Amino acid sequence: MTTVAAPGISTTAAALRRLYFARFVFAIVWAAVTFTIADGLNPLAVTLFVLYPLVDVAAAIIDARSSRATGSPTLLYVNVAVSLLAAAGLAVAGTSGVPAVLRVWGAWAVVAGLVQLIVGVTRRRGMGGQWPMIISGALSMLAGGSFFAAAAAAEPALANAIGYAVPGAIFFLIAAIRLGRTAKRT
């Protein structure tokens, strides 16, 4: 039996597929670059930590515009606001030390993960390919809690937060591949 996706869904799936591939590449490159320079808190490391949620802002805006035909983008705009606050918070926290950066990063991971999980659940039935996003959102929430714990360590390190990007990248890649089926249906 062949299934046919509604034109709005296949168009949205194709746009999300491209976005997810781009997010995969960005997260892998970001993690590699950040890992090489983030032995401690320096201006470049702070800039890279601020950049990550700003890319999340851009991605959420692209996602919201791409998915208007398939549902309400309200949660994506919530993610825009949360990520903008996180970027500002990280800029300020960067002047206070690694524990402050880890706390802001953790709070952002928890809230953004919750939003990602909810968006994935709401898209799951109509579009498919969302299980990786649902799992990634749940793991982001758990990771956020671990960043709070890491901030209280005797010698907190940014490496924990950098490692957060790699599993997220892998889940974006898996979701992009899975969305290929939906994107090709017309």
Side-chain angles (χ1 to χ4, degrees), residues 19-20 23-24 26-42 44-60 63-64 74-124 129-176 178:
L19 178 62
Y20 291 173
R23 291 199 70 179
F24 162 75
F26 170 77
I28 292 296
V29 170
W30 180 89
V33 170
T34 306
F35 188 75
T36 62
I37 60 97
D39 288 340
L41 211 50
N42 58 59
L44 185 54
V46 172
T47 301
L48 287 168
F49 272 88
V50 169
L51 177 65
Y52 200 95
L54 290 177
V55 168
D56 198 50
V57 167
D63 190 337
T74 303
L75 282 174
L76 295 168
Y77 290 122
V78 167
N79 193 53
V80 167
V82 167
S83 293
L84 282 172
L85 287 171
L90 287 164
V92 171
T95 65
S96 298
V98 173
V101 169
L102 290 174
R103 284 184 197 101
V104 173
W105 191 261
W108 174 62
V110 168
V111 177
L114 178 61
V115 170
Q116 183 179 9
L117 185 145
I118 294 169
V119 169
V121 167
T122 60
R123 286 181 173 165
R124 168 178 62 83
Q130 294 301 300
W131 280 108
M133 295 295 88
I134 293 167
I135 295 167
S136 179
L139 289 176
S140 180
M141 293 169 54
L142 293 173
S146 76
F147 301 139
F148 279 101
E155 292 185 37
L158 294 173
N160 296 351
I162 296 166
Y164 167 77
V166 176
I170 292 166
F171 282 113
F172 275 117
L173 177 62
I174 294 167
R178 289 184 51 99

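Because the structure is a prediction, the values reported are computed rather than measured. In what follows, residues are counted from 1 in the order of the sequence shown.
Rounded to the nearest 0.5 Å, atoms CG (L139) and CZ (F171) are 5.0 Å apart. I118 CD1 to N79 CG: the interatomic distance, rounded to the nearest 0.5 Å, is 11.0 Å. Expressed to the nearest 0.5 Å, how far CD1 of I28 lies from CG of L173 amounts to 8.5 Å. One finds the CG atom of L44 at 4.0 Å from the CD1 atom of I37 (value rounded to the nearest 0.5 Å). Taken to the nearest 0.5 Å, the CG atom of L54 stands 11.5 Å off from the CG atom of L48. Atom CD1 of I135 and atom CG of L117 lie 10.0 Å apart (nearest 0.5 Å).
A distance-only check finds no donor-acceptor pair linking the side chain of S136 to the backbone of M133 [under 3.5 Å]. Of the possible donor and acceptor atoms, none in the side chain of S83 sits under 3.5 Å from a partner among the backbone N and O of V80.
Between V98 and E155, the closest side-chain pair of non-hydrogen atoms is not below 4.5 Å. Annotation: side chain of V110 is not in contact with side chain of L114 (no heavy-atom distance under 4.5 Å). Counting only heavy atoms from C-beta outward, the side chains of L90 and V46 never approach each other to under 4.5 Å.
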*Going through the checks in order, is the side chain to side chain contact (heavy atoms under 4.5 Å, CB included) test met by V115 and V82?*
CA-CA 10 Å; V115 170; V82 167; 5.5 Å; no
*R103 and F148: side chain to side chain contact (heavy atoms under 4.5 Å, CB included), yes or no, with the steps?*
CA-CA 5 Å; R103 284 184 197 101; F148 279 101; 4.0 Å; yes
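Between S140 and A109, the shortest heavy-atom contact is OG-O, 2.7 Å. Pairing each heavy atom of P132 with each of I174, the nearest pair is CG-CG2, 3.4 Å. For the pair Y164 and W108, the tightest heavy-atom approach, listed with the atom from each and the gap, is CE2-CZ3, 4.1 Å. Of all heavy-atom pairs spanning A93 and V104, the tightest one is CB-CG2, 3.9 Å. The two residues A27 and A169 have their closest heavy-atom pair at CB-CB, 3.6 Å. Summarising the geometry of A31 relative to A165, their closest heavy-atom pair is CB-CB, 4.2 Å, with the distance given to 0.1 Å.
Taking the six-membered ring where the residue is Trp, F26 and Y52 present tilted rings, their angle falling between 30° and 60°. Note on ring orientation: taking the six-membered ring where Trp is involved, the planes of F49 and W105 are perpendicular (angle over 60°, cut-offs 30° and 60°).
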